Amino acid sequence: MNQNDNNIYGIGIESSCDDTGVALVQNGQQIIANPLYNQTELHSEYSGVVPELAGRTHLEKFPALFGEILKELEKRHIPLTKLSYVATTVRPGLVGSLLVGYYGARAIARAARVPLIPVHHLEAHLYAPMLEEKTIEWPALGLLLSGGNSALYHMKGPGDLTVIGDTLDDACGEALDKAASLLGLGYPGGPFMERAAAEFALQKTPQELEKLRRQNPLPKILKEQGSEKYRFSFSGIKTALYYYLQKEKSPEVGFLAWAFQERLFEIILRNTRHALENFGLKRLIAAGGVMANRELKKRLQELASQMGADFLSPSPALCTDNGAMVAAAGYLYHTHPEAPRQPDEVSPKNNFPRLEDLK
Ligand code: KG4
């Protein structure tokens, strides 16, 4: 290691659901290593994540992933004590899974004698664009769409986020996963729904699509919601698809995947537009697994540009869970010690004890 190395090195650990991620990040921006173990195949036979299996698998995979980080540090002659922080997701998530990451992180932080920074998983998703040379500026509107959460945030500063809209029931990704299962597509459903919908749309002219949009057999979501509310709801439309399939003798899978996505996109775009307008925000940050959907990303980008707002959204690999985004969040806390920590308020679905309680 060069003696004048003033870089800030941080480790980020993610284990809230079914991805085990350990990352080494420089200055909150440059990913040095971001190994990830994805458990999708393991859970696919159950069409959903089995918490007990997820926790055990994190435990099994964590040492090898951290081993990759150690090798990377060694290669660069960076001693563990040169780290500035270890950040780890502490909520929300599956308790058994979170505990693996938390105790792993605590052991590393103690060995390196550096602070352990607790990170809120959803907040970390919103900072993922930092890892692609984007600067986060505040205030901004944060849109988080993942397998477990769907929410809009007024982002006022590092650690200073207020939920302005949440889902009343299912999360957006969860709805896509369930719809894909009803349609006999694969798991996780989001990418399969995207592909089926895109293939269907490719065969139609813009005029035909416009007509089909007006004749969508699935209901518009929260159509009575006024422009001052930003709630989501994704469970009714899934039920509507279920009943549609019961009635329909020969359902057209591509059309239904497209029709389902259209309804989801409609409420996402409507709420985002109203929130940008009402809060007077000129920056939109969209993240979470569902933002890997190219069509959704394109439409949000168009919306932002119509409204004169900047649009930041990570590339697909960084939309889904990973350790690097946790390291990016940790960097912000490390460099803004005055930042408020209000992770409990970032998601109403908080199911992990406070860090203080774990000591
Ligand atoms: O953020 P994420 O990786 O983690 C969890 O919340 O666990 O999000 C996973 C979700 C899944 O529901 C998956 O179906 C969805 O993101 N997803 C997508 C796409 N890729 C993943 N949804 C739509 N289009 C995609 N291309």
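This is a predicted model, so every value here is computed, not measured. Just follow the structure's listing: the first ligand is 1, and inside any ligand the first atom is 1.
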(Q) Distance under 4.0 Å to a non-hydrogen atom of D321: what atoms of ligand 1 satisfy this? (A) 1 (O), 2 (P), 3 (O), 4 (O), 5 (C), 7 (O)
**Q.** Considering all heavy atoms, the nearest Y187-F192 contact
**A.** N-CE1, 3.7 Å
Which residue and atom name correspond to the protein heavy atom nearest [atom], and how close is it?
{"atom": "atom 24 (N) of ligand 1", "value": "N293 CB, 3.3 Å"}
{"atom": "atom 1 (O) of ligand 1", "value": "G289 N, 2.9 Å"}
{"atom": "atom 11 (C) of ligand 1", "value": "D177 OD2, 3.7 Å"}

Under 4.0 Å between a side-chain nitrogen and a carboxylate oxygen: does that hold for [X] and [Y]?
{"X": "K75", "Y": "E72", "result": "yes"}
{"X": "E266", "Y": "R263", "result": "no"}
{"X": "D170", "Y": "K238", "result": "yes"}

Q.
Main chain of S146, side chain of S150: is a donor-acceptor contact present, judged purely on distance under 3.5 Å?
A. no
Q) Does even one non-hydrogen atom of H125 get within less than 4.0 Å of ligand 1? A) yes
**Q.** Min side-chain heavy-atom separation W258-Q261 under 4.5 Å
**A.**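 Result no, sub-4.5 Å side-chain heavy-atom pair not found.
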Checking the N or O distance criterion of under 3.5 Å, is ligand 1 in contact with [X]?
{"X": "L176", "result": "no"}
{"X": "E194", "result": "yes"}
{"X": "T320", "result": "no"}

Q | Greater than 12 external heavy atoms within 6.0 Å of K71's NZ | A | no
Q: Could you pull out, from G190, A179, G147, the option with a heavy atom nearest to atom 6 (O) of ligand 1?
A: G147
